[in-house]
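These numbers come from a predicted model, not from an experiment. Each ligand, and each atom within it, is numbered from 1 in the order the structure gives.
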Amino acid sequence: MGFTTFGLSDRILQGVQATGYTVPTPIQQLAIQPAVQGRDVIGTAQTGTGKTAAFVLPMLHRLGLHTAANQRHPRALVLTPTRELAHQVHDAVNVYGKFLTLRSGTIYGGVGMGPQISLLRRGVDVIIATPGRLLDHMQRKTIDLSGIQMLVLDEADRMLAMGFIQDVRAIVAALPARRQTMLFSATFSKEINALAAGILRNPHRAQTGRQEEPIAAITQSFYITPSSAKTDLLFHVLEAEKMESVLIFARTKHGADKLAKRLERKGIRTAVIHSNRSQPQRLSALEGFRRGTYRVLVATDIAARGIDVDGISHVINYDIPRDAEDYLHRIGRTGRAGLAGDAITFVTGEDREMLRRIERFTGKRATLQSYPGFTAPQVPQVDPSETIRHTRQPAHLRSRPSNGKRRFSGNGKKRGFAFGVKKKRSAKMETFSSDRAWENR
Ligand code: AMP
């Protein structure tokens, strides 16, 4: 079955044809026709399954039916959790709407209000927005939402996870009650159900696959490693497998930067993306990764949310995610639109509880193994008598200098001292370093 059976207008079909897509994905098969007919739709589709077209095509179709001359206020609103996703939806609107005369634009935070106000003054048909900045515009009365006929909530689960629920509710409350609403989510929870119940009317349910089940085409591997050997393991894995386009997840911004630097020092072309990077920096990282200028993209969860790059061959969870749902979103960045993909997760001793939660969430047992051919570098052995001697240093050598940095005696035994402490208190030191990581999130 092709796209022609959904009742889409010729101009939209021309737009689809220009992309070269001929066979609708399962979510498109289930969602497009009811949406073309004006029904509310709940789409439960895993990430990377073609859900953007599932709402953009019917949205453009319906807007195209009644092109109002001199219409200045937006008629369709798409809410997305991140600015990257807003850009991607905007790109899809431009691609599929190539043969229409509809105007569209994005609104998101972290950039000046001025250009967005000018855009709204000039007039747009479709607005793609993140909730916080849209609320700003609403409060300043720089946007008029009284003409909204269609609302789409994209990646609703992520919007909730990012704490946007109140913003979303406030925005929806300000929209005309007579409208068509579509809600898409990779996972479906009680909270999403409650949100949907309040804003959709007799929705058509378009559900593909079992919602927690990761995309079948993705091979998932879990490798056990001491946390001190993670970077060596990463270098080893990057060498050993044919990794063309690799997305690596780090837990913190600081960790992502540090890892990217180490990869660069190894001669691996690497870009990094996290919420401290400016919008132009993020876009150029993504663009470079897309074009293949960078072989590796290191990202944190929130920044990676909207990444839609075709042909990511591997996702590596350098740091295991903080919640099981993030695991699904992360690995969904590979294996997009039915392509095969590999997801590799590094698991340290501290990560085992998280791994169990991932297993419960996905309903699959993880096979934990050592990476074939990799031996973690040995921590040099220290003579225990020397260790004891050096852990009992005089107080003046143990105190911190006024610049806050740890002072070493510089007596040539420093290495023995450091390793001795680590050996005796390894658990404590691990906790300390991960606490710091959390602080730097
Ligand atoms: P999405 O889930 O919307 O992020 O889409 C994932 C990827 O699939 C994007 O790169 C889309 O361009 C692509 N895609 C969307 N629809 C189709 C289709 N019918 N056939 C092949 N690829 C598609």
Side-chain angles (χ1 to χ4, degrees), residues 1-6 8 12-33 35-36 41-61 78-98 104 106 126 128 152-159 182-188 206-209 211 213-218 245 247 286-287 289-292 297 299 303-313 315 328-341 343:
M1 188 174 81
F3 284 91
T4 48
T5 53
F6 298 138
L8 292 164
I12 309 273
L13 288 174
Q14 276 176 278
V16 176
Q17 213 174 8
T19 64
Y21 303 149
T22 50
V23 182
T25 65
I27 186 66
Q28 292 165 1
Q29 300 221 10
L30 293 173
I32 294 178
Q33 192 161 24
V36 163
V41 171
I42 289 189
T44 322
Q46 286 163 20
T47 180
T49 53
K51 67 179 165 51
T52 313
F55 63 79
V56 168
L57 294 176
M59 179 177 83
L60 295 178
H61 169 86
V78 182
L79 287 180
T80 67
T82 64
R83 33 194 172 176
E84 281 78 19
L85 190 59
H87 270 283
Q88 278 159 27
V89 172
H90 191 215
D91 289 347
V93 168
N94 286 333
V95 167
Y96 299 122
K98 194 172 162 186
S104 57
T106 50
V126 181
I128 303 127
V152 179
L153 302 182
D154 192 13
E155 303 207 350
D157 49 351
R158 178 58 28 174
M159 268 190 291
M182 297 205 247
L183 181 151
F184 285 82
S185 190
T187 56
F188 222 72
Q207 181 164 344
T208 55
Q211 64 188 38
E213 198 174 293
I215 300 162
I218 301 172
S245 172
L247 177 60
L286 269 179
E287 200 39 45
F289 186 52
R290 212 171 260 139
R291 280 198 314 268
L297 178 65
R305 186 62 191 145
I307 292 175
D308 174 17
V309 179
D310 286 335
I312 293 180
S313 62
V315 166
L328 196 66
H329 289 302
R330 285 181 177 192
I331 71 165
R333 305 292 121 188
T334 181
R336 287 171 91 71
L339 295 173

Query raised in the report: Short N/O distance, under 3.5 Å, between F3 and ligand 1?
Result: no
Report task. With sequence neighbours left out, write down each residue that passes ring-ring contact (aromatic ring centres under 6.0 Å, His included) with H87, or none if nothing qualifies. Result -> Y108
**Report entry** Contact summary for I27 and T44, nearest pair of heavy atoms
**Finding:** CD1-N, 4.4 Å
Query raised in the report: For ligand 1, which part of V23 has a heavy atom less than 4.0 Å away: the side chain, the backbone, both, or neither?
Result: backbone
Query raised in the report: Which atoms of ligand 1 sit under 4.0 Å from any heavy atom of K51?
Result: 1 (P), 2 (O), 3 (O)
Requested in this report: Report, as yes or no, whether the 6.0 Å neighbourhood of atom CD on Q17 holds more than 12 heavy atoms from other residues, nucleotides or ligands.
Outcome: no
**Report entry** Distance-only N or O hit between ligand 1 and G50, under 3.5 Å
**Finding:** yes
Query raised in the report: Which bit of T19 gets closer than 4.0 Å to ligand 1, counting heavy atoms only: side chain, backbone, both or neither?
Result: neither
Query raised in the report: Shortest non-hydrogen contact from S104 to N94?
Result: OG-OD1, 3.7 Å
**Report entry** Minimal non-hydrogen separation, A206 against L30, with atom names
**Finding:** CB-CB, 3.7 Å
Report summary line: Sorted by chain and number, sequence neighbours left out, ring-ring contact (aromatic ring centres under 6.0 Å, His included) with F55 holds for F184
Query - Numbering as shown, the atoms of ligand 1 that approach T25 to under 4.0 Å (heavy-atom distance) - result: 17 (C), 18 (C), 19 (N)
Query raised in the report: Based purely on interatomic distance, does T52 place a nitrogen or oxygen under 3.5 Å from a nitrogen or oxygen of ligand 1?
Result: yes
Report task. Please state which part of Q88 comes within less than 4.0 Å of ligand 1, counting heavy atoms only: side chain, backbone, both or neither. Result -> neither
